[in-house]
Structure formats: C-alpha cells, structure tokens
Number of protein chains: 2
Amino acid sequence: MPAKRPAARRPTMKDIARRAGVSESAVSFALNDRPGVSEITRDRVRRVAEQLGWRPSTAARALSGEGAATVGFVLARPAHTLGVDSFFLQLVSGIQEVLARRHLGLLFQVAQDLDDECAVYRRWWAEHRVDGVLVVDPRTDDPRQDLLDELGLPAVVIGGAPDERHPALSTVWADDAGAMASLVDALHALGHRRIVHIAGLPGLAHTERRIRALRAEAERRGLTEVQSVTTDYSDAEGAAVTRRVLEAPAPPTALIYDNDVMAVAGVAAAAELGFSVPADVSVVAWEDSALCRMVKPWLSALSRDSVAFGRTAATELTALLDGGPARRVRVPVPRLIERDSTGAARTA
Amino acid sequence: MPAKRPAARRPTMKDIARRAGVSESAVSFALNDRPGVSEITRDRVRRVAEQLGWRPSTAARALSGEGAATVGFVLARPAHTLGVDSFFLQLVSGIQEVLARRHLGLLFQVAQDLDDECAVYRRWWAEHRVDGVLVVDPRTDDPRQDLLDELGLPAVVIGGAPDERHPALSTVWADDAGAMASLVDALHALGHRRIVHIAGLPGLAHTERRIRALRAEAERRGLTEVQSVTTDYSDAEGAAVTRRVLEAPAPPTALIYDNDVMAVAGVAAAAELGFSVPADVSVVAWEDSALCRMVKPWLSALSRDSVAFGRTAATELTALLDGGPARRVRVPVPRLIERDSTGAARTA
DNA sequence: GATTGATCCTAAAGCGCATTAGTGGGCGAC
DNA sequence: GTCGCCCACTAATGCGCTTTAGGATCAATC
C-alpha cells in the first residue's frame, strides 16, 4: 500500500561530483562557467547535472553570498480598491516575463499601508529574502525611498518622477504632465472650458503631477473653471464625485477620470442624473482596458502598454542587480484613444 | 561626499552572541524557545536581538532544514484574460492575510500554460524555494496533482473537487453543483425554460462541474432547451457567444455567465441586438464584484467571499506545513444576489 | 636537469543557522 | 566526602554552495 511515498530527494552537487568522478569544486566551476576545468570535464559535468535534474539550491546560493535570486513587490492599497483594476495584473505580468527569463522569483505581498510596507522591506532585507524590490505608487515625500537607500536595497520606483535625492534608485516613469497637456489640448479644441479631473489617491506622486499639470494648462489658457478632485480610485467615490460636480450650478462639460473603474462608474452616475455622454458631458478614462469597451458609449481613454511598463521596470531592476548604474527611464506617453465618450462641448 | 553609502550590515546570531556574552548555540536555543538556557539568559538574548533588529536569514534557515518559509502560487492563464478579473486579487489578498501572520512569503508566478506551470513547480522544488504551493484552476485529469504527489510538495488545490486519487493534497472547494441547482431553481420559478450557460474555460474542473450540474438539473425538470457554451472568460468571447445565441431562432430567456466580465460584456451585446434586460432576457453573473454595479441594469450575481476563500486555502496550507493531515474543506455555497438583471420570463 | 609557468584539479574554509554531543559546576543522596 | 545527576552552557558538525589556497602534472625555458 502506497501509504506515503517518501518525497523524492533533491540531487546536490555532491551527487554530481560522485557520478562525474570529480570534486565538488570542479562541479561548481564547471556549472558556473568559471575557469579551472577543461572543456571535456565541463561537458561531462553538465551532462550529469542535466541528467540528474539538478538545480542549485537558492538557499545555499544565497547563503554563500550570491543573493536570493528573488525580487520583491509590495502592493499597499486598501483592500477594497484591489478589486477591479487591470493595471496591476498587467504590470506584474510584464515584470514576470523578464524575471522568469533569468529565473528570478517574485515575492509578492499586499500590505495595509505605507508603514506596513516599510516594515515588509525591512523584514525582507533582514531575512535576506530579496535582492531588490519594485516600488509602486510612489508618494510625494515618500518614506520608502529613504528606507531603501538606508538598507542599500536595489530598487526601481515605478511611476515616480526622477528624484535627485535618491541617486541609487532607478525610476521608470511616464510623462503625465505631457499627457495631461495633450489631453487638455484635445478637449479645449472640442470647445470644452469647464473641466473636472476626478483624480486618484491624494499624495501619490502621479496624482499630484497630473493635478499640477492640469492647473498649469488651465492657467496657460486662462481657464478658470477647471479643477481636480481626489478620490480613493473606487467606483463608489468616482460615482459620488461625478454626481456632486454635475449637480453644481455650472456643471463641467468634460470629465477626466484617473482610472477606468471610476470612469465607468461615472458614466453610469451621469446617466442617472440625465446627462447624456458625450452630448452633455465628455468623459475620458486615464487607463484603457476591456472595461472601456464594456459600457455604452465606449470610453475614450488614455492608453498605455502596462505590460511593457512592467517589462521595462523589471529590466531596469535586473540591470541594477547586475551592478549597473541607476537610471531614469521614461516610457512612451500614453496615447489618447478617441472612442465615443468624447465630443464637442455643448454650446450653452 | 556620500558617494555610495555602504549598505548596512545585517546582524547575525554571532553578533548577538558576542553582545550577550554567550555562545551562538545559546542564542539559537533562546530565540527558538528551546530548552537549554535559563530564563534570564533567554530574556537577555531576546532583548539584544530585538535591539539589533535581528531576523533569521531565511537562506540559512532553509539550508539547515527548516524549509524556505515560502509558499508558491502560479497563475496559468493566457495573458489577455488576466486583465479585469476581481477574483484573483481578492483571493491573493485573503491568502496573504494568513501567510503574513506567520511570516510566510508568497512566491508568485504567471505561467504560459500547464506544462510551463509544472516546470515551475519542478524548479521551485529543486531549488528549494517553496515549502508548499497553492494550485488554482484545477482541471479534470490534472497533471499537476500527480506531479505534486511525486515531488512530495504539500499543496492545496483551490476549487478542485475532492479527489481520492491524491490523498496527500488538501482541497478547498465550493459546491458548484448545489449553487447551480439553486440558480436553476430560481430561474425556473421565474418561468425560464430556455437557458444558456456561458461557461468559462473548458477542462477546468469547476467549469465541468457546473456544466454537468446544469445538464442534470435540466434533465430532472425535462428542460430540453438548456445548454452550456465554453469560452476563454474574456469579454470578447462573452459578447460573441451572447450574440450568437440571441440571434438563434428560439433565443434563451436567461443567460448565466461564469464570470462578471462576460456578464457585463454580454449585457452590452444583448442591448445592441435590441434585447432588453431583464424584460427580454435575464442575466446572472457567477461572480460578484463592483463591475456588477457599474452597469445598468445592475447585475444579479452569485456572490461568494473570495477573500475568505483565500484565507481558508492558506490556512489549510499552513496546517499541511505543520504536518497536519490533508483535508477536504467546503466553503459556503455562493449566494444569489438578486438585483435588476433578472425577472420573469417573457411569455411568448 | 632544475626552474618557471600554465593547466587542471582537489582540499578546506566559510556563509548563518539548527542540532547533537560534550563539558563544567552546583546540588542532593548515600 | 564522594558519587552521580541535572542544569546551563559551549564546541563541533552539517546543510549545499562558492571561493581561496594549494597540489600535481606536464611543457617549455635557460
């Protein structure tokens, strides 16, 4: 009776050494492409290793100073905003593509808040768990960057603006200001003068960048009825803010939502109030996804390639792990996909 | 000039030993609650450790036989279906809640397909990276379960039916058959006789369970115009199938979608064809999320607590890691939330 | 034919921890 | 007062790997 088959044993370098008739060190040299063994021995060792299905124990490797072959990723957002968001899974998917190629693992953790997130970094560092981390949702005045500097943990900040105070951290960022400028340009050309930007979480670097950019654009054009309102990214707040601004005396004729979820919720809210999209109010989602084509009218959206974004970030991190210098990489500006939710402003 | 501050050094047990004036072994005993040291020494060691911010190196721990303090999670779905899906992030969020409490890490990987996924398990096992894994999307005749048995890797199958062929694996599952039965019950009571089930990926265990359950219910009631159609879970296929079945000679009066995304896409597709929901056709989503309240009409949905599902799965895995027996755990049957997309069947 | 030098390989130490065996001192028992 | 025992602790070993320091062999050099 096969009650409990014993787990198969993992082959070690010692096993290879024995079967190849050489010392363990020779095996190590052979498998790591280090000089010190002849080509024929190297080949033999390689063959034996392959045949035994040997893979280096990450634990042993890490212990002898090679690093943990793992990078960390912490997501610190309130649990209820975790639900329907296409961005992160796509980002992670892109990250994985690059990491998998180098057999790097991705340690994933969801945290409650920033303090929690910092604690996770500290723990990971102290436990020797990761060689580097990917940081998302950077804030203005972000404690994490100081911490990572202090720990000397290689890191790539995703979506942060280049920050000269942290020369050791790489940054991968999109030019939100440029995108906002071209977006306002497009809306302005359609005759829109009253614009409300339903932004994401206050304090996030890219939220603040977008808000500042919008204000700058408005000032440049002399538009006085332009404003940003921050939210928690949830459909509920998106709808609530939409209702509030549309019920005001002089409602906006264009709404910019910082994600797809709020845009969809906003359209529904507008419809309830009797506003027709795009006849009465134009809507743009700052994030494109299947969601934008799941509602009527289809939503115009700023589209970026989140998978590629993830790939770029992961590539930068591997470069950092290889000892390369920290860099500031800009990804392409998101492109406005004009669908059916944007149109000429109603001339009051 | 602070060109490159040297990274802080991680404290080790040796540091603690020196500062506490005892041997390393004493430190080990003290910190692991093992007998062999006096209480006062234990306290002193603990204090020093705390003060130094010491944390055990997972690498060293793993190497000395304690396991990697990490569990693995592989997601093998085509990249384009990764986009908008509330289920997985919620599941993972629940998993984390339990794992974080025990300082277990979660190694996350997206794979191309099943073979790829199996390769990941093999690699993780050989590299000593994980102590156990969480398996999602079990199939009928799933190669992964055999593999995990062979490797002796503790695992919890999420969403699989209890399978006596793999006594070493735990299973956490929902009673899809029961849910389907009550759902058909409800629809039948509303007068629906022609029902189409727009299912998920063929071959997935729960897809097959639902299909079988639907067929059984139909037979029991003598309904002949009831069918299931499999899809890839995407909004595109959801919409396409919806169009196809609604354009048939005798279109169904009720549609059951295996996820929220397809349901939303389906409603839009139905609307385009001139079908009004729920007057002409009722719609139910098998998965509740914010999405269901972002469209008009609000979607009736089978709701389950995905976060709790994740918690349960992680709890079972930790029990397994603690040497407990494999178990079959059933989570509560999803509950039908009746919103506005279901109503009495139109009497032709 | 002894000296260098290269080449291919082995021995040994060390990474940070857990664990087993061993050591010394205090104490009760006879 | 000696024996033995338990307690509190230290020394030493091993986990699987990398790396440094050597050692053996052979060819080329003066």
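Model, not experiment: these values are computed from the prediction. Throughout, protein chains are lettered first and strands after them, A, B, ... in sequence-line order, and every chain is numbered starting at 1.
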### Task
Return the value, rounded to whole Å, for the distance between atom NZ of A:Lys14 and atom P of D:dT18.
15 Å

### Query
Taking the inter-plane angle between the rings of B:Phe108 and B:Phe73 on a 0 to 90° scale, is it parallel (under 30°), tilted (30 to 60°) or perpendicular (over 60°)?
parallel

### Query
What is the distance, rounded to the nearest whole Å, between atom CG of A:Asn32 and atom C1' of D:dT19?
11 Å

### Query
Which residue, A:Arg10, A:Arg55, A:His103, forms the side-chain hydrogen bond (donor to acceptor under 3.5 Å, both in side chains) with B:Glu127?
A:Arg55

### Query
Does any donor-acceptor pair link the side chain of B:Ser25 with the base of D:dA11 at a separation under 3.5 Å?
yes

### Protein-nucleotide distance (B:Asp43, atom CG; D:dA8, atom P), rounded to Å
13 Å

### Query
At under 4.0 Å between heavy atoms, what does B:Met13 touch on the DNA or RNA strands: base, sugar-phosphate, or nothing?
sugar-phosphate

### Task
Would you indicate what B:Gly36 reaches in the nucleic acid, counting non-hydrogen atoms under 4.0 angstrom: base, sugar-phosphate, or nothing?
base

### Query
Is it true that atom CZ of B:Arg19 has more than 12 heavy atoms of other residues, nucleotides or ligands lying nearer than 6.0 Å?
no

### Task
Report the residue (B:Ser23 or B:Ser64) whose heavy-atom-nearest nucleotide on DNA chain D is the more 5′ of the two.
B:Ser23

### Query
What pair of heavy atoms forms the shortest contact from A:Arg144 to A:Cys118, and how long is it?
CG-SG, 3.7 Å

### Distance test, side-chain N/O of B:Arg61 to OP1/OP2 of C:dG16, below 4.0 Å
no

### Query
Taking only side-chain nitrogens and oxygens of A:Ser38, does any of them come within less than 4.0 Å of OP1 or OP2 of C:dT7?
no

### D:dT18 phosphate, OP1 or OP2, under 4.0 Å from A:Ser28 side-chain N/O
yes

### Message
Nearest to the A:Thr12 side chain among C:dC9, D:dC17, D:dC9, which nucleotide is it?
### Response
D:dC17

### Query
Between C:dC17 atom P and B:Arg18 atom CZ, what is the distance in whole Å?
13 Å

### Message
For A:His166, run the side-chain hydrogen bond (donor to acceptor under 3.5 Å, both in side chains) check against A:Asp142, A:Asp149, A:Thr171 and tell me which one passes.
### Response
A:Asp149

### Query
Roughly, in whole Å, what's the span from CD in A:Glu24 to P in C:dA13?
14 Å

### Query
Got a salt bridge between A:Glu39 and A:Arg42, using NZ or NE/NH1/NH2 to carboxylate O under 4.0 Å?
yes

### Query
Could you state the CG-P distance from A:Leu52 to D:dG16, rounded to the nearest angstrom?
14 Å

### B:Val22, nearest nucleotide to its side chain (from D:dT10, C:dC8, D:dT18)
D:dT10

### Query
Within this structure, what is the CD1-to-C1' distance between A:Ile40 and C:dC8, rounded to whole angstrom?
10 Å

### Message
In whole Å, I'd like the distance from the CZ atom of A:Arg44 to the P atom of C:dC9.
### Response
8 Å

### Query
Nearest nucleotide by nearest heavy atom, which residue falls closer to the 5' end of DNA chain C, B:Phe29 or B:Leu63?
B:Leu63

### Message
Between B:Arg10 and C:dG16, is there a contact of a side-chain N or O with OP1 or OP2 at under 4.0 Å?
### Response
no

### Query
Within the structure, does a side-chain N or O atom of B:Trp54 lie under 4.0 Å from either OP1 or OP2 of C:dC17?
yes

### Query
What nucleic acid atoms does B:Ser57 come within less than 4.0 Å of, heavy atoms only: base, sugar-phosphate, or nothing?
sugar-phosphate

### Message
Using a heavy-atom cut-off of 4.0 Å across all strands, would you classify B:Arg55 as base, sugar-phosphate, or nothing?
### Response
sugar-phosphate

